[in-house]
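What follows is a short report on a single structure.
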Amino acid sequence: MRQKNRNKKQSENQLQHRIKGHKTINNSLSQLLETLGDRYQIAMKFSLWRFSHTVLTTFCLLGLTAASGPESNIQGMELKIGIVQRFGSQPTAKLQLEPTKGDRLKLKFLAGNKQQILFTKNPVKLETVMQALPQSAVEEVVVLGTYRTFETAEDSANKWRSQGMEVEIAQPERWQVWAKRDVYSTPLLRRLLLQNIQASTKEKVYLDTKVLKQVPRVSWVVDGKRYSPNDLEISTDKNLIRVNKSEKPENARLYAGRLNLQPNAYGTYTLVNQVPLETYLRGVVPYEIGTDAPTAALEAQAILARTYALRNLRRFAADNYQLCADTHCQVYYGLNGAAAKTDRAIASTRGKVVTYKNELVDALYSSTTGGVTASFSDVWNGDDRPYLRPVLDAATNFWNLSKQSLADEKNFQKFINIQEGFNESKWDMFRWHKETSLEDITKDLQKFLQVKNSPHAKFKTIQAMAVVKRSQSGRILELAVKTDNSTFLLHKDEVRSAFAAPRSTLFYIEPLNKGKPELWGYAFIGGGLGHGVGLSQTGAQNLAKLGWSSPKILQFYYPGTQIQVFSKETKL
């Protein structure tokens with residue numbers, strides 16, 4: 001996305017400097033640079049206008065119209081959280097629902113055309129079995145891209161929309177952008193779309209076609225009778241339900257509100273928790289930052305978690321719920337971990353959110369930044385947010401980021417080898433050094449490229465790797481890889497997906513020979529855990545211990561923002 005001719009010379013110089021002195025890599029350097037040069041020239045020839053004209057012409061003839069983006073829909077302050085997202089993906093999946101002591105489960109579903117309601121004081125075990133279909137069914141979607149994160153997938157989706165296409169974001173495993181199924185609903189429309197895209201662009205789109213001979217069906221037994229509807233609503237008198245995905249009773253998680261078992265876009269089921277916003281936070285804050293964090297840090301986390309939830313209600317529109325319960329959204333494990341200290345932090349900040357010009361901020365946060373926060377575009381594609389920019393993660397400003405830019409490789413390596421003075425200095429993941437063999441690096445990269453359906457996935461050996469471009473916060477923007485059959489660039493957060501060793505994109509690499517003439521592998525030397533954008537949970541705790549208030553902590557990590565009570569006037 002960011003390959004332009006004005007960067008070509010700089011990239012070549014950086015690559016030459018990084019590889020210098022390593023005999024094995026030098027032998028392939030000239031070919032690597034030549035291939036990179038060709039890639040830049042190809043990028044300049046790409047024409048979005050031509051693609052737009054072709055697709056719009058085709059679908060205007062078919063009577064289709066352009067689409068606007070998805071809309072967020074907040075019904076009061078109740079959220080829909082997918083707590084078990086793909087139930088039935090394993091042929092013998094089981095899930096036990098239990099009422100609390102003295103309560104009972106209420107099960108509501110359709111039996112034929114009639115609504116049926118059952119009550120039971122006993123646990124109900126949901127089970128899946130594979131049911132043979134009377135005849136094979138074809139299920140297919142046009143996949144327009146596969147991505148590590150929702151943020152990058154959404155940027156891609158918005159670009160497709162700008163070209164007149166209707167799309168949706170899905171997460172069958174990794175995040176994907178699909179041509180919208182209810183618009184491109186016939187084999188003819190899907191193939192016309194695919195042909196036009198392939199004829200007009202270099203985008204790696206494909207038709208994902210599955211022939212289904214059997215499908216998972218959920219069933220359960222109450223009072224000796226087995227039921228098997230597609231949708232099930234579960235509630236209790238006390239609005240508390242235990243959910244257990246294992247055979248061990250101690251693993252059950254307690255959820256407030258109601259549950260819905262419903263089909264999703266992947267032929268399986270999702271168990272959705274419908275829960276009030278402030279109650280939802282009781283299941284987020286303890287698991288995201290812990291119950292022992294200082295009060296100001298807990299308050300900051302509560303405000304951020306609330307802001308994040310309200311800003312991200314659109315994520316799972318394709319599956320008819322709003323948020324997930326893991327690190328792809330925010331960790332939400334129900335009320336087991338709720339504690340008086342975190343409850344007080346949530347209550348004392350009730351309704352408060354972080355805004356920028358009266359709009360909810362993109363409330364991104366991570367475990368640790370490695371000493372400097374990142375801009376949004378350092379990690380994902382899309383427009384930068386003014387309040388998400390590089391900030392030295394320290395109580396005192398001892399490194400001038402404007403004068404000692406971390407985009408410079410010498411500055412970066414000097415910075416990453418400083419251990420003291422940061423908010424996170426005492427944390428074990430603040431700095432790390434990982435050595436990985438070429439064999440393991442190769443396996444990781446092949447797996448990553450195969451998932452992306454990349455044409456580069458068929459390589460056998462890696463011949464060279466080098467960082468060719470960094471951001472102002474030091475994050476890797478482009479890493480070049482030369483293999484036995486191609487040369488390509490990994491961009492931004494792809495680097496974390498492609499290799500197991502890096503804990504963030506804040507690192508540099510060193511070739512290792514281990515006393516032998518050939519390349520053995522690479523050392524990954526870096527800092528931080530996660531994307532590093534916005535608040536550092538570790539850093540916030542240190543600042544709170546120094547006496548900083550929650551508003552001061554939040555305005556440190558999100559410069560120029562305000563804290564206000566969410567209202568109808570607040571822009572989503």
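In what follows, residues are counted from 1 in the order of the sequence shown. Just the heavy atoms: all of them, side chains too, but no hydrogens, waters or symmetry mates, feed the values below.
Defined by atom type and a distance below 3.5 Å, a donor-acceptor pair is missing between the side-chain atoms of Thr270 and Gln262. A donor-acceptor contact closer than 3.5 angstrom is absent between the side chains of Ser536 and Thr538. Using a 3.5 Å distance cut-off with no hydrogens or angles, the side chains of Gln446 and Gln450 do not pair a donor with an acceptor. Using modelled atom types, one finds a donor on one side chain and an acceptor on the other under 3.5 Å when comparing Trp380 with Thr149.
For Arg161 against Val167, the heavy-atom pair with the smallest separation is NH2-O, 3.7 Å.
Residues Arg315 and Glu151 are paired through a salt bridge, judged by an N-O separation under 4.0 Å between the basic side chain and the carboxylate. Here Glu359 does not pair with Arg385 in a salt bridge; the nearest charged N to carboxylate O distance is not below 4.0 Å.
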Give the intermediate values and the outcome of ring-ring contact (aromatic ring centres under 6.0 Å, His included) for residues Phe422 and Phe415. CA-CA 11 Å; Phe422 297 93; Phe415 178 87; 5.4 Å; yes
Could you go through the ring-ring contact (aromatic ring centres under 6.0 Å, His included) check for Phe150 and Trp175 one step at a time? CA-CA 6 Å; Phe150 172 84; Trp175 293 99; 5.3 Å; yes
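For Asp292, the CG atom sits in a loose shell: 12 or fewer heavy atoms of surrounding residues, nucleotides or ligands are nearer than 6.0 Å.
Under the side-chain contact (heavy atoms from CB on, under 4.5 Å) criterion, Ala523 pairs with His433, Glu435, Glu510, Leu512, Ile525, not counting sequence neighbours.
Geometrically, Arg470 engages Phe412 in a cation-pi contact, judged by NZ or CZ lying under 6.0 Å from the ring centre and within 45° of the ring axis.
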